There are 2 protein chains.
Amino acid sequence: MPQGDLAHKDARTAILDAAERLFAELGYGGASMRAIAREAGVNQALVHYYFDSKDGLFSAVIERRAGDINLRRDDGLDALLAGGTPNLEAVVEALLRPTIELGHDDARGGAHYAKLIVALANGSDGRSRLLTSRHYDAIARRYIDALQTALPGLDRPSAVRGYLYCIGVALSVMARTGRAATLSDGVCDDDDPDVIIARVVPFLCAGLRALVVSGRSGAAGPTPTAQSS
Amino acid sequence: MPQGDLAHKDARTAILDAAERLFAELGYGGASMRAIAREAGVNQALVHYYFDSKDGLFSAVIERRAGDINLRRDDGLDALLAGGTPNLEAVVEALLRPTIELGHDDARGGAHYAKLIVALANGSDGRSRLLTSRHYDAIARRYIDALQTALPGLDRPSAVRGYLYCIGVALSVMARTGRAATLSDGVCDDDDPDVIIARVVPFLCAGLRALVVSGRSGAAGPTPTAQSS
DNA sequence: GTCTATAGTTCGATAGAC
DNA sequence: GTCTATCGAACTATAGAC
């Protein structure tokens, strides 16, 4: 029952899900259209019918998730700005929560989304840059503005860099390489998004506040603050 | 230098260089043995002669760079520890400088190394995990120890996570996605490793110090410090 | 060590029936 | 919208001459 049955996953969605999974696990070059079709349980020609080419399929996979994430990020920021000058912690949390939550929601394929977005955001090839810019430039600029609003004295270049540091840490957490568990001999096996966010936000906000101080001295010097030791 | 000619790049090295470049730009699945051989200017069968398989070649590419980086990191830490209790900023800089410097040394193929190490460190596939663990576990544990020495009160799990946050930011900087330039409309076009390190180290150290404070309250709560606003 | 030649698969994409 | 069939190219890897 392909037309009108809500319980049935239609072919298009099945292809997107399969593609997301295989692109995430094997990379763009490693995932084949044949394997994607097989995983989706559809004919290979149908993938081309819906998405034209491998590139078109990849774009569609990214677009589906980016739309969801950016909607949540926009809403989060709208809510914060409606209440006057927002708190820095709240801004950083509003930025990271949607993607970290989705990335850990394995019932919704979060692990695959996470691997994919990490590879996309850190990719410097043409395809990654194009898609990242297309889907994330606007929301990034909104949040960079918000960082400056929440943290007076943070100049524009520092806000841009600070934003990217936040994204960098979020990506490293979402990558789920199992490295924390390995290096802590099993003590750190963090899976709850709330706990992850609660740990990462104070780290990032302290760093962002330090950018205000060190940003004042221009570009030079390692600024050996050393308030302890 | 196989037959005594220093100016001549031998086949093995040429293959490693070509492989590094193509693995970096096209990913493991996207780079073919044929293309690597062509880029290296050698016969395709020669690649198998030296490295057996595609997997063996990839391992060799990673191993060459990891050896270099870890030597520098070990030396840096040895020097610091010889002078008594090290400064936190110095530890973080010793950790990041070797990889950031190499990643920006384009005369030595730094851009390719950078892309490769970013993909490796953020990869959650079996190959990435195996190679990362094999080449970076020992040095990671040394630096996690050093973070605890330089920052009394930082418990082990927090030190592990803090270490990974530092690596995460370093990777995001090394990825050179061109995103800082895009989002700042060309103002941020950071290429000098010294400048990058000078900016990133204070950010990370402030974050690490915040881990001591927030680590005290256990795992719960978003710890709304909010010293501003 | 370096080469040619090739076996045996798998690839992305399309044409055309239904 | 879904299928079969297939083209032409690219793939990893190996056998074997030199």
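Model, not experiment: these values are computed from the prediction. Throughout, protein chains are lettered first and strands after them, A, B, ... in sequence-line order, and every chain is numbered starting at 1.
Listed by residue number, the members of residues 48-65 of chain B with any heavy atom below 4.0 angstrom from DNA chain C are Tyr49(B), Tyr50(B). Contacts between residues 15-31 of chain A and DNA chain D, counted as heavy-atom distances below 4.0 Å, involve no residue at all.
Listed by chain and residue number, Tyr28(B), Phe58(B) satisfy the ring pair (Phe, Tyr, Trp, His ring centres under 6.0 Å) test with Phe23(B) (two or more places apart in sequence, or in another chain). In this structure, Asp191(B) has no salt bridge (Lys or Arg N to Asp or Glu O under 4.0 Å) partners at least two apart in sequence or on a different chain. Applying the side chain to side chain contact (heavy atoms under 4.5 Å, CB included) criterion to Ser53(A), with sequence neighbours excluded, gives Asp55(A). Under the side chain to side chain contact (heavy atoms under 4.5 Å, CB included) criterion, Pro193(A) pairs with Ile100(A), Glu101(A), His104(A), not counting sequence neighbours. When the salt bridge (Lys or Arg N to Asp or Glu O under 4.0 Å) test is applied to Arg156(B), the partners found at least two apart in sequence or on another chain are Asp145(B). Every side chain to side chain contact (heavy atoms under 4.5 Å, CB included) that Asp192(A) has, sequence neighbours left out, goes to Asp194(A), Val195(A). Residues meeting the side chain to side chain contact (heavy atoms under 4.5 Å, CB included) test with Ala90(B), sequence neighbours left out: Leu80(B), Asn87(B).
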Result block: side-chain N/O donor-acceptor pairs under 3.5 angstrom for residues 35-52 of chain A, not counting sequence neighbours:
residue	atom	partner	partner atom	Å
Glu39(A)	OE1	Arg21(A)	NH1	3.2
Glu39(A)	OE2	Arg21(A)	NH1	2.3
Asn43(A)	OD1	Ala45(A)	N	2.8

Table please: side-chain donor-acceptor pairs of residues 163-176 of chain A below 3.5 Å, with sequence neighbours left out.
residue	atom	partner	partner atom	Å
Ser172(A)	OG	Val169(A)	O	2.9
Arg176(A)	NH2	Gly103(A)	O	2.6
Arg176(A)	NH2	Asp106(A)	OD1	2.8

Report each atom pair, protein N/O against N/O of nucleotides 3-5 of chain D, whose distance is under 3.5 angstrom.
residue	atom	partner	partner atom	Å
dC3(D)	OP2	Asn43(A)	N	3.2
dT4(D)	OP2	Asn43(A)	ND2	2.9

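At least one donor-acceptor pair closer than 3.5 Å links the side chain of Ser184(B) to the backbone N or O of Ala180(B).
Between Ser32(B) and dA10(D) there is no side-chain N or O to OP1 or OP2 distance below 4.0 Å.
The CZ atom of Arg34(B) sits 14 Å away from the P atom of dT14(D) (whole-angstrom rounding).
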